[in-house]
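When a residue number appears, it is its place in the shown sequence, counting from 1. Computed from a prediction, not measured in an experiment: that's the story for all the values here.
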Amino acid sequence: MSLRNQKELTIIAKEAFSKMFLVAKSLCFLHVTNTHVFTVASLYGPSMLPTFNLTGDWALAERFSHKLGKVGAGDIVILKSPVEPRKIMTKRVIGVEGDSVTYVVEPKNSDRTETIVVPKGHVWVEGDNIYNSKDSRNFGAVPYGLLRGKMLWKIWPPKDFGYIGKKEQNS
């Protein structure tokens, strides 16, 4: 191999390494951003009707409010299921620790209600569609540590694009 070919290969290798390093830094940035700052959530299922459609809604969620204790009643959160840890759920916070929450036990079958006080370090979550949602009425209050983010913006479909605000709670 001649000296000229060796120099050309060295230049190509340096440029390739430089590009790979840039790609690696970009992927690390995306990972950190997705894990600790913002994430895009794909939403499906009937539990959050009419706020979200059955299929195809995408929303932007921020991942730091729950770490700072800034999640309150009316916020929509993403959380790990307390029953199926590999499953991520989207629900609305109904009450935070110390709140008294009255809920319909079996909305499909009766109007019977129960009242509980949300324990320390927990939140009470429910789907907006109480007739078809597995939520705190089924598995109890959720430990704060299972929260993964708070929904901010609905980004898909375009006709529904906009801020996701708090829903007024009935007192």
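Side chain of H122 to main chain of E97: no donor-acceptor pair is present (N/O by atom type, distance under 3.5 Å, no hydrogens or angles). In this structure, T115 contributes its side chain and T102 its backbone to no donor-acceptor pair below 3.5 Å. A donor-acceptor pair under 3.5 Å is formed between the side chain of K108 and the backbone N or O of Y131. With hydrogens and angles ignored, the 3.5 Å screen pairs no side-chain donor or acceptor of S81 with any backbone N or O of P85. A donor-acceptor pair under 3.5 Å is formed between the side chain of S26 and the backbone N or O of L22. At distances below 3.5 Å, at least one donor-acceptor pair connects side-chain atoms of E62 with backbone N or O atoms of S65. Between the side chain of N138 and the backbone N or O of D135 there is at least one donor-acceptor pair closer than 3.5 Å.
The side chain to side chain contact (heavy atoms under 4.5 Å, CB included) test with R63 is passed by exactly one of K150, R148, H36: R148.
With sequence neighbours excluded, the residues satisfying ring pair (Phe, Tyr, Trp, His ring centres under 6.0 Å) with F161 are W153.
Salt bridge D75/R92: absent, no basic N to carboxylate O contact under 4.0 Å. A salt bridge is absent between E84 and R86: the closest approach of a Lys/Arg side-chain nitrogen to an acidic carboxylate oxygen does not fall below 4.0 angstrom.
Side chains of K134 and S47: a donor-acceptor N/O pair is absent below 3.5 angstrom, by distance only. In the model, S133 has a side-chain atom that pairs as donor or acceptor with a side-chain atom of K91 under 3.5 Å. The closest side-chain donor-acceptor pair between Y103 and E114 falls under 3.5 angstrom.
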Audit row: V118, V96, side chain to side chain contact (heavy atoms under 4.5 Å, CB included) steps and yes/no:
CA-CA 6 Å; V118 180; V96 296; 5.8 Å; no

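Using cut-offs of 30° and 60° on the angle between ring planes, the pair W156 and W58 is tilted.
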